[in-house]
Amino acid sequence: MNKFLEKINKICEENKRVAIFIDMDGTINVYNVYPEEIVKQKMQEEYSETEPAQYIIDILKDISKISNIDLYILSLSKSVKITKEKKDWLKKYVPFINEENWIIITKELNEYSSENRDIVKAQKIKDLENKYDYFILLDDDHKILKEAQKIVGKNFSPFHISSVLV
C-alpha cells in the first residue's frame with residue numbers, strides 16, 4: 001500500500017470526521033509554467049488539455065472510499081473562464097469528488113489577491129472547522145502549506161504532493 005494512503009487511513013482511524021483539501025494545478029494535473037504576463041491567457045486557452053496526474057488521482061479515488069473522509073478540491077483561479085475550464089476538467093477526470101465540494105477561488109471575482117493568495121486556502125479550511133475533527137491539505141506550494149499550518153493549527157496535516165509519490 002502507498003505510504004500516503006497508509007497515513008490517511010491512520011488519520012481516519014483516529015478521528016471521526018476528516019476532510020482532505022486537494023489543490024489542482026501541479027497536484028492532480030500537470031502544471032505548465034508560462035511567463036507571468038501570459039499565464040492567464042494560456043490557461044484560458046489550454047486548460048482543457050491539461051494532462052491529469054493519473055497516479056495521484058487513482059490514490060485519491062481509493063481515499064474517497066474511506067467512510068469518514070470527505071474530499072474537497074481547493075484551487076486558485078485567475079479568471080472566471082479558467083474557473084469554468086477547471087470545473088469541466090474536474091467533471092472529466094475527477095468525477096468521484098462531489099461538485100458541491102469544489103472550492104475554486106477566483107481572483108477576477110476579488111475572492112483573493114496577490115496579497116492574500118498564500119492564506120486564502122487556509123481561511124476556506126477554517127470556515128469548515130465546526131464540521132470536521134481533522135483537516136488535510138494536499139498542495140504543491142510550500143508557502144501555502146506553511147501558512148495553512150499556522151492558521152489551521154492543531155488537527156491539521158499539510159502534505160506536499162511529493163509525499164504521495166513515495
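For clarity, every value in this text was computed on a predicted model and none was experimentally measured.
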Would you compute the distance between atom [atom1] of [X] and atom [atom2] of [Y] and round it to the nearest 0.5 angstrom?
| X | Y | atom1 | atom2 | result |
| --- | --- | --- | --- | --- |
| D23 | K121 | CG | NZ | 3.5 Å |
| I8 | S157 | CD1 | OG | 7.5 Å |
| I82 | L76 | CD1 | CG | 11.0 Å |
| I69 | L60 | CD1 | CG | 9.0 Å |
| E147 | R117 | CD | CZ | 11.0 Å |
| I105 | Q123 | CD1 | CD | 8.5 Å |

Test side-chain hydrogen bond (donor to acceptor under 3.5 Å, both in side chains) applied to Q41 and E45, E37, Q44, the passing residue: E45
For a 4.5 angstrom cut-off between non-hydrogen side-chain atoms, does [X] reach [Y]?
| X | Y | value |
| --- | --- | --- |
| I20 | I11 | no |
| I63 | F4 | yes |
| H160 | H142 | yes |
| K7 | F159 | yes |
| I22 | T27 | yes |
| R17 | Y134 | no |
| Y34 | E46 | yes |
| I161 | L138 | yes |

Between F135 and F156, ring centroids under 6.0 Å: no
Over all heavy atoms of both residues, which pair between [X] and [Y] is shortest? Give the atoms and the distance, please.
| X | Y | answer |
| --- | --- | --- |
| N155 | D133 | CB-O, 3.2 Å |
| A19 | Y72 | CB-CE1, 4.0 Å |
| L145 | P158 | CD2-CB, 3.8 Å |
| E108 | S79 | CB-CA, 3.8 Å |
| D25 | M43 | OD2-CE, 3.7 Å |
| W102 | I97 | NE1-O, 3.1 Å |

Taking [Y] as the starting point, is it possible to reach [X] by hopping between hydrophobic residues whose side chains are less than 4.5 Å apart?
| X | Y | result |
| --- | --- | --- |
| L109 | L74 | no |
| L5 | I136 | yes |
| I56 | W89 | yes |
| V94 | L165 | yes |
| L128 | Y112 | yes |

Check: I144 main-chain N/O paired with D141 side-chain donor or acceptor under 3.5 Å: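 Judged by distance alone, yes, a pair lies under 3.5 Å.
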Whether N116 side chain and S113 backbone form a donor-acceptor pair below 3.5 Å: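 A pair under 3.5 Å: yes.
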Side chain to side chain donor-acceptor pair (under 3.5 Å) partners of K40, counting only residues at least two apart: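 Not a single residue meets the side chain to side chain donor-acceptor pair (under 3.5 Å) criterion with K40.
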Full working for side chain to side chain contact (heavy atoms under 4.5 Å, CB included) between I103 and I73: CA-CA 6 Å; I103 304 168; I73 293 296; over 6 Å; no
Strictly below 4.0 Å, N to O, side chains only: are [X] and [Y] in salt-bridge contact?
| X | Y | result |
| --- | --- | --- |
| E6 | K10 | no |
| E115 | K107 | no |
| K143 | D118 | yes |

Residue pair Y93, E51: steps toward the side chain to side chain donor-acceptor pair (under 3.5 Å) verdict: CA-CA 10 Å; Y93 293 108; E51 187 177 339; over 6 Å; no
Candidate pair Y55 and N2, rule side chain to side chain contact (heavy atoms under 4.5 Å, CB included), full reasoning: CA-CA 11 Å; Y55 178 77; N2 174 279; 3.1 Å; yes
Step-by-step salt bridge (Lys or Arg N to Asp or Glu O under 4.0 Å) determination, K78 to E36: CA-CA 12 Å; K78 291 187 180 288; E36 188 58 38; 3.6 Å; yes
Pairs flagged by side chain to side chain donor-acceptor pair (under 3.5 Å) wherever residues 56-69 is involved - sequence neighbours left out: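 Qualifying pairs: Q54-D58.
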Side chain to side chain donor-acceptor pair (under 3.5 Å) evaluation trace for T50 with Y31: CA-CA 8 Å; T50 304; Y31 183 73; over 6 Å; no
Residue pair K92, D88: steps toward the salt bridge (Lys or Arg N to Asp or Glu O under 4.0 Å) verdict: CA-CA 6 Å; K92 182 175 181 179; D88 290 343; over 6 Å; no
Test side chain to side chain contact (heavy atoms under 4.5 Å, CB included) applied to K3 and V164, step by step: CA-CA 7 Å; K3 286 182 184 182; V164 181; over 6 Å; no
Step-by-step salt bridge (Lys or Arg N to Asp or Glu O under 4.0 Å) determination, D139 to K146: CA-CA 11 Å; D139 208 302; K146 285 182 182 199; over 6 Å; no
Pair V120-E111, side chain to side chain contact (heavy atoms under 4.5 Å, CB included): steps then yes or no: CA-CA 9 Å; V120 70; E111 294 174 343; over 6 Å; no
Worked verdict on D70 versus Y132 for side chain to side chain donor-acceptor pair (under 3.5 Å): CA-CA 9 Å; D70 290 331; Y132 297 98; 2.5 Å; yes
Working for side chain to side chain donor-acceptor pair (under 3.5 Å), residues S77 and T106: CA-CA 5 Å; S77 173; T106 308; 4.5 Å; no
